[in-house]
Amino acid sequence: MAATIQSFVDEIAAKANIQPDAAETAVGTILFVIQKEGSATKVAQLFQQLPGAADLAQKHAVVIGSGGGLLGTLSGVADKVVGGDAGTLVAAMAQIEATNLTLPQIKSIGTALLAYFKENANPQLVTQIVEAIPGLKDHFGHQG
């Protein structure tokens, strides 16, 4: 029986001593960024190997420019300055930070998630997807 993404969320919440809802939001949001910014074909292959990943990504979809105010302005500015990808990453970080997780916690969740991908899916596929998404490692941790 393959591990499900939900079992990973529960495990990371326990290990990092954070609320399960916050862990789920962080993981789901990162999954959504990967789904939105990655190669559709490769991400579909990855998510097939990770039961529940696609559903969790959709549950935590990132809406760019939503919420108005400063965050909406920031993601709009990031889109103009850096290109479309930046807006998704900025909005994703804002969505995760709204759970009151700290940046080090977010990076450790991201790093653990990439390690989980490599253990439970094709490692070469994971590397190809992650390396093709600018800024992903910078925002969500780095797995050497």
Side-chain angles (χ1 to χ4, degrees), residues 1-40 42-67 69-75 77-79 81-144:
M1 168 80 190
T4 64
I5 201 76
Q6 191 58 52
S7 62
F8 169 77
V9 168
D10 296 340
E11 186 179 313
I12 199 77
K15 274 188 189 169
N17 196 25
I18 57 176
Q19 292 299 316
D21 288 355
E24 182 183 297
T25 297
V27 172
T29 303
I30 295 168
L31 289 171
F32 178 82
V33 170
I34 291 169
Q35 187 177 49
K36 183 169 184 343
E37 302 298 335
S39 154
K42 290 179 181 174
V43 173
Q45 289 173 347
L46 173 65
F47 281 12
Q48 279 181 336
Q49 297 172 36
L50 302 168
D55 292 338
L56 195 60
Q58 287 312 302
K59 185 175 174 186
H60 295 281
V62 176
V63 182
I64 301 181
S66 70
L70 183 60
L71 293 176
T73 305
L74 277 177
S75 61
V77 168
D79 278 349
V81 174
V82 187
D85 294 351
T88 301
L89 286 169
V90 169
M93 285 302 289
Q95 184 164 301
I96 296 170
E97 286 174 350
T99 65
N100 294 321
L101 291 175
T102 64
L103 205 51
Q105 285 175 316
I106 295 168
K107 284 189 179 267
S108 75
I109 291 169
T111 301
L113 183 60
L114 294 179
Y116 172 82
F117 285 173
K118 288 184 176 179
E119 287 167 21
N120 293 282
N122 177 331
Q124 287 84 12
L125 180 65
V126 174
T127 300
Q128 290 169 1
I129 292 169
V130 171
E131 289 181 353
I133 303 173
L136 185 70
K137 286 183 189 173
D138 298 338
H139 284 78
F140 301 117
H142 178 63
Q143 181 68 26

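Below, all heavy atoms of this structure are taken into account, side chains as well, without hydrogens, waters or symmetry copies. None of these values were measured; they are calculated from a predicted model.
- Between N120 and Q49, the closest side-chain pair of non-hydrogen atoms is not below 4.5 Å.
- When all heavy atoms of A13 and P20 are compared, the closest pair comes out as CB-CA, 3.9 Å.
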Could you walk me through whether V43 and L31 pass the side chain to side chain contact (heavy atoms under 4.5 Å, CB included) test, one step at a time? CA-CA 10 Å; V43 173; L31 289 171; over 6 Å; no
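- Once rounded to the nearest 0.5 Å, the distance linking CD of E131 with CG of L136 reads 11.0 Å.
- Put simply, CG on L46 and NZ on K42 are 11.5 Å apart, with the number rounded to the nearest 0.5 Å.
- Minimum heavy-atom separation, A121 to V126: CB-CG2, 4.4 Å.
- I106 pairs with exactly one of T99, L101, T111, T29 by the side chain to side chain contact (heavy atoms under 4.5 Å, CB included) rule, that one being L101.
- Not counting sequence neighbours, the partners of F8 by the ring pair (Phe, Tyr, Trp, His ring centres under 6.0 Å) test are Y116.
- Atom CG of L114 and atom CD1 of I30 lie 7.5 Å apart (nearest 0.5 Å).
- Here ring pair (Phe, Tyr, Trp, His ring centres under 6.0 Å) pairs that include residues 14-34, with residues two or more places apart or in two chains, number zero.
- Taking CG of N17 as the reference point, atom CD1 of I12 lies at 12.0 Å (rounded to 0.5 Å).
- In this structure the side chain of I18 reaches within 4.5 angstrom of the side chain of Q105, judged on heavy atoms.
- Annotation: the span from L89 atom CG to I133 atom CD1 amounts to 8.0 Å, rounded to 0.5 Å.
- Not a single donor-acceptor pair under 3.5 Å links the side chain of K107 to the backbone N or O of T102.
- Between L125 and Q128 the shortest side-chain heavy-atom distance falls below 4.5 Å.
- V63 and A91 make their closest contact through O-CB, 4.3 Å (heavy atoms, listed as atom of the first residue, atom of the second, distance).
- Annotation: side chain of T127 is in contact with side chain of K118 (closest heavy-atom distance under 4.5 Å).
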Under 3.5 Å, which donor-acceptor pairs do the side chains of residues 52-62 form with other protein atoms, sequence neighbours left out?
unit_1 : atom_1 : unit_2 : atom_2 : d
Q58    : NE2    : Q35    : OE1    : 2.5
K59    : NZ     : E24    : OE2    : 2.7
H60    : NE2    : E24    : OE2    : 3.1

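- Put simply, CG on D21 and OG1 on T25 are 6.5 Å apart, with the number rounded to the nearest 0.5 Å.
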